[in-house]
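The sequence lines fix the lettering, A, B, ..., with proteins before strands; numbering per chain opens at 1.
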Amino acid sequence: METISHKLGAIWRETLKTLKLIARNKIGLLGFVMLIGLILMSYLGPLVIAPEVRADVSQIYKPPSWEHPLGTDFQGRENWVMLVHGGAEVITVAFLAGLLTTMIAVVVGAFSAFLGGKADEVIMTFTDLWLALPRGILLIVTAYFVSLEDVWALALFLSFFGWPSLARQVRSQFLSLKKREYVEAAQLLNLGTPHIVFREMMPNMMSYILIALIESMTGAIYSQTYLVFLGLVPFGNNWGVLFSLAYAKNAIYNPNAMASLLVPMGGIVALQLSLIMFSRSLEEIFNPRLRTGV
Amino acid sequence: MTPKNQNNPSTLSIRNLTIEYQAKRGAVQAVRSIDLEIYRSEALALIGESGSGKTTIGLGIVRLLPSTAKIRTGEMIFRRYNKTDYKLEEEFDVLKLNEREMRQFRWKECAMVFQAALNAFNPVLKIKDQFGDTARAHGYLQGEALKKRAYELFDLVRLDPERVWNSYPHELSGGMRQRVLIALGLLLDPPMLILDEPTTALDILTQRNIMDVLKELRDKLRFSLVFISHDLSLAAELADRIATVYAGRIVELGNVYDTFQNPRHPYTIGLMSAVPTLTTHRDNVSSIPGSPPDLIDMPTGCKFHPRCPLAVEKCVREEPALVPTTGPDHLAACWRWMEAKQFLMPNVK
Amino acid sequence: MSENSKTKPWSERILKNYAVQTIFKKIFIIWVVVTLSFLIVRGLPGNPVEIMVLNLMDSQGISEDEARTRAASLLRLDLDAPLYVQYFDFLGNLVQGDLGESYVLARGKPVTEIVFQRLPWTLFSVGTSLLISFTVGMFLGMLAAYRRGSMLDQVLTNLSAMIGAVPNTLWAIILVLLLGVVWKIMPLNLMRGSLSPGIKPGFTLEFFVDLFKHWAVPGTVYVLTTLGGWMLAMRSSTVSVLGDDYVTVARARGLPDFRIITAYVGRNASLPLVTALAISIGFLLGGSTVIEFIFVYQGVGLLMSQAITKRDYPVMQGILLVTTITVIISTAIADLLYGWLDPRIRTSGGENAE
Amino acid sequence: MTPPLIELKHLTRRFQVKRNLSITAVSDVSLSISAGEIVCLVGESGCGKTTTGKMIAGLLKPSEGEILFNGQDISHLKKDEWEKYRLGVQMIHQDPYASLNPSHTIYDIVSAPLKAHRKTGSDAATRAAAIELLESVDLTPASDFLDKFPHQLSGGQRQRVSVARALTVNPKFIIADEAVSMVDVSIRISLLNTLLKLKEKNGLAVLFITHDLALAKYFAWDGRVGVMYLGKLVEVAPARQLVEAPQHPYTKVLLSAIPEADPERTRHKERIELRSMDVPSLLRLPSGCAFHPRCPYFAGEKCEKVIPQLTFFNDDSAVACHPVAEKRLLQIRN
């Protein structure tokens, strides 16, 4: 009991400290605020704003105006309503895929580093093999054959392709941490594996994992976008689908229709940018040289 | 053996040199208005602990300080003499040179051999190419002539020329790399050579070998040698004069024999008794209390006073200047230099 | 010791050889992809062969039995034989360079022929772009590293990270919109296709000018999306090299800045990027699918998206295989390049370890 | 007679470098250390002294040979006995900047083992114990240090924290691996004196690993010094005797090579020249005595062919050298 509350307390302290540090970097803070804004819009917005279900033929591809703040799409639906409703799926997939990728990578990398010897060799050979494959094409081909029907399937699929290079990095991080003298001292003092992993190694790994998580998220958004565009992810009315539908319905040659391309695109770009900005400040915060200079 | 200072003109006159580093908490006062003469063909040792400012002095002479460092005040007059008749040829302030002139000055007038010689060579270029680079940058010999010159130098530093010339740095051991670097330092026959902790990372036997090489080279080539180290015994073996550096200042400066027999500054005495040697009795070894000062927030008066067993009220108030003591050539910056040895080394004659 | 190694059987010595091991590894990777592509067509629950049969019946108006025979001949497989026999047949055909025939996109044409017709276009567009973004990225990365902390560095690093974060699909559309529709700088037909109608490939100025004109926009997309990555990688690599002792020593030796920047900093800082280059080729070829789709650029990527929509399995298999081999060859080249740039790898057989 | 606290018997450790290439970092080392004794292990980098220390600490498993603790082979210990042994042998690392976790306070660092092994009950008791420990390593006033992070401390202070951390589990034996080499010269001695004080007070045995013979002599004034060369123990003797009357040629060469902090003496010191400057690679160790290609007292075929064994003499010293052993045996017989 005591240790759990102690751990929670430590996590909470760490979080508070991190929030304070985020506020020190302007770009990072902006990214953080943007990200929170997008999340609020995408998850709370649909609760307040009813989805567009009507198809109004008279209102197809209207440019932005007072009546239609962000214009209308090829079915005459309000683009701004679609924007609010189309975010949750993209963010969920990004977050799930990022989380899964990072988890697989951390588990594989950590296991490989801890087991060492033959097991390490086998795992790393496999990882290298994965890295040497033309994963871009493989992603497309398999996406065609594997039916990706919900966010979980898509997230799982993306993380299946995303983990190897991160696993390699995690492994080398773990190896270098394992050799740190304070970890050796903790072993000598018999402080137990949980203590060594969670109290000695993890706090010095967290920053790294956090940044990797964000990188995996942006990677997932990236791949997601082109799989959707190629028509390999058939579900949902998310930003990616909206944008490729608009493209398919010739919005690109119709100046009045440009909004229905740009609005979902803006959603994706804003999400990517907020993540990137946020991660760049994280990098700065966790940079040990800057940190010890505090 | 020791060159007489009076009739031995100086190669480099450092006057009122002040160097600061910019840190988050404030200015790190690494070097505080130092005056120092480096005479022609003498060996001067700068000794002190890490953070005392000795390396900064070395880097300052060749102006290779990191970008956070600023030379606040001072001048460094460099004099070049004719190699045959020792007539003064040229005199200039190193701090006033422009970038191009500075590039020519480095290595040709003053070569610096760094602490971590293990990584002093570009790992992707062969030794011969790195010699070629240096020679080309200074319009020196090329081709066969350069090779011949390098082979002579390798012989001097006791290396097998054939093997070294065509090697990549990683194919040589640490001691070999250090000697190659010394050979490279001598390539342009500079009047001055700075060695920063040249043997620190090396094994005792390799260290011995390099010391012997250095002594031999100095007798043969007669360059001025500035030797930066925390190791008193290396200084004892190699130097003509010793300058003890503490908190960015020279606190004692004198002939090597004189300094070891009659140290005048409590810090020098402290250092001498803090390092056990093979022959000292255990009871004669003692550490200096306290720890080196924070260079951003320094104590008042004499910077050594918080650790000094002789400190009196005056030491807290006023910082002593580096002044002559028993002779004009033995200087110390201590209010109580006269009593220092008697108090701190009672059982040494 | 040395006598001992001489008495070892020659077979063992060959197997221990680094180059031989590398070749085995590469062959193994190809085998994995081949098996994968076989399993995709024959082993997956969706049963692509049945779909193919239906497709053939539909499009050519033939009976099911006829369609099955036709499918079998297109895939060069006996569909009634046990799976392992089919697998070995497939491998056997492959070794002879026979990947079957296309049945929708170009009826009856050997897949190898179709793919090799398209491959040069993709290799040209992707290769040129990679070369540009790699070189420019290295240059900008070094610039940012030298001026680290400055305004320029801030702008470069932030901007490049953000440009790189926008998916290439979006960049393609944005460029078409801006250049073709909004500003009307570039005629839309120049952004479509890989050559203007009527221009024949050959060593003519006309051909090369047209080639580059058509490459310009898709090429820009490749460059935009990859440049930032190279720049940031080069920046961090250069920053660490700048802290290395040999750079300070090189300055102390009075070497000219140009020499230090190129031979001392540049060469060492670019070493880790060479490995990354190898990995990125695999991704770029994949990324070409969507770009070529948008620009109707006649490369393997477009072929891939066509094969997917038309369910032309032999062509899909063929592309997967050929791109795998391309990637493997390029990684091998990158490996060689790395060895050539870094002497420590070259002589690793020695015993100079201290 | 009670067995020595720690006894190394023919300890050997090999490392796999490549698939079929291994080096022997430690080869056939035998040494015993009694309770409360100080032994220094001296040698140049790569001679195997750190590997030996790590094997004793249980961080590495020996390839051959055994380590006896109070007469018991530690590889046969049961789990709880093994844990007891583990805690009884602690290590002080070389690098004060890497041996303390940067994200923990000094209190976190010292209290973690106290809590893990239920040494103290309440938080207040833990705090009191931590203060007592810090004061025992001369970090006073201890309360000033408890809430600081390692980066706020100097190198010497950090090493003191490392010592305090090791003391939390009441060890019988401490391995100090180059523990003062990265600390400012002016405070090295006071750190060593703290260790000496603890040795007296707690009856600790210390294995001090260093490359500095002068420091070894100072620290092991009443103890012994062992000299290692390329994985082998070549000479063991009482500290002062080893420095003043070295037996093994390698020890002699080392001693003659060390510069002295006295210009008069160091410039006129007699130097023994080596036959070769090159240190052989561990991958290709010379046959026979590993020192023979460099040995100034090289005595022919036997040195080339036969590996000399560490031979003990009645003055509590041992040497692994054919000519020396023969000469001394002759002296003893006469």
Exercise. Around atom NZ of C:Lys310, are there more than 12 heavy atoms of other residues, nucleotides or ligands at under 6.0 Å?
Worked result: no

When rounded to the nearest 0.5 angstrom, what is the spacing between [atom1] in [X] and [atom2] in [Y]?
X        : Y        : atom1 : atom2 : answer
C:Tyr313 : A:Tyr144 : OH    : OH    : 4.0 Å
C:Thr289 : A:Leu227 : OG1   : CG    : 10.0 Å
A:Met258 : C:Ile173 : CE    : CD1   : 12.0 Å
C:Leu170 : A:Gln272 : CG    : CD    : 8.5 Å
C:Thr157 : A:Ile27  : OG1   : CD1   : 7.5 Å
A:Leu129 : C:Ile29  : CG    : CD1   : 5.0 Å

Does a side-chain heavy-atom distance below 4.5 Å link [X] with [Y]?
X        : Y        : value
C:Leu36  : A:Leu138 : yes
C:Ile294 : A:Phe229 : yes
A:Ile140 : C:Ile308 : yes

Who wins among [options] for the most heavy-atom pairs under 4.5 Å with chain A?
options                               : value
C:Asn168, C:Thr326, C:Val300          : C:Asn168
C:Ile30, C:Thr225, C:Ile328, C:Thr309 : C:Thr225
C:Leu177, C:Thr331, C:Val32           : C:Leu177

Under 4.5 Å from any heavy atom of chain A - which part of [X]:
X        : result
C:Ser305 : side chain
C:Val33  : side chain
C:Ile319 : side chain
C:Val166 : both
C:Met162 : both
C:Val182 : side chain
C:Ile174 : both

For this session: Could you tell me which portion of A:Thr225 (side chain, backbone, both or neither) has an atom closer than 4.5 angstrom to a non-hydrogen atom of chain C?
Result: both

Problem set entry | Structural part of A:Leu275 lying under 4.5 Å from a heavy atom of chain C | neither

Problem set entry | C:Thr169 and A:Tyr247: CA distance, side-chain angles, deciding distance, side-chain contact (heavy atoms from CB on, under 4.5 Å) verdict | CA-CA 11 Å; C:Thr169 330; A:Tyr247 178 78; over 6 Å; no

Exercise. Taking all non-hydrogen atoms of both residues, which atom of C:Val290 and which atom of A:Leu230 are closest, and how far apart?
Worked result: CA-CD2, 4.2 Å

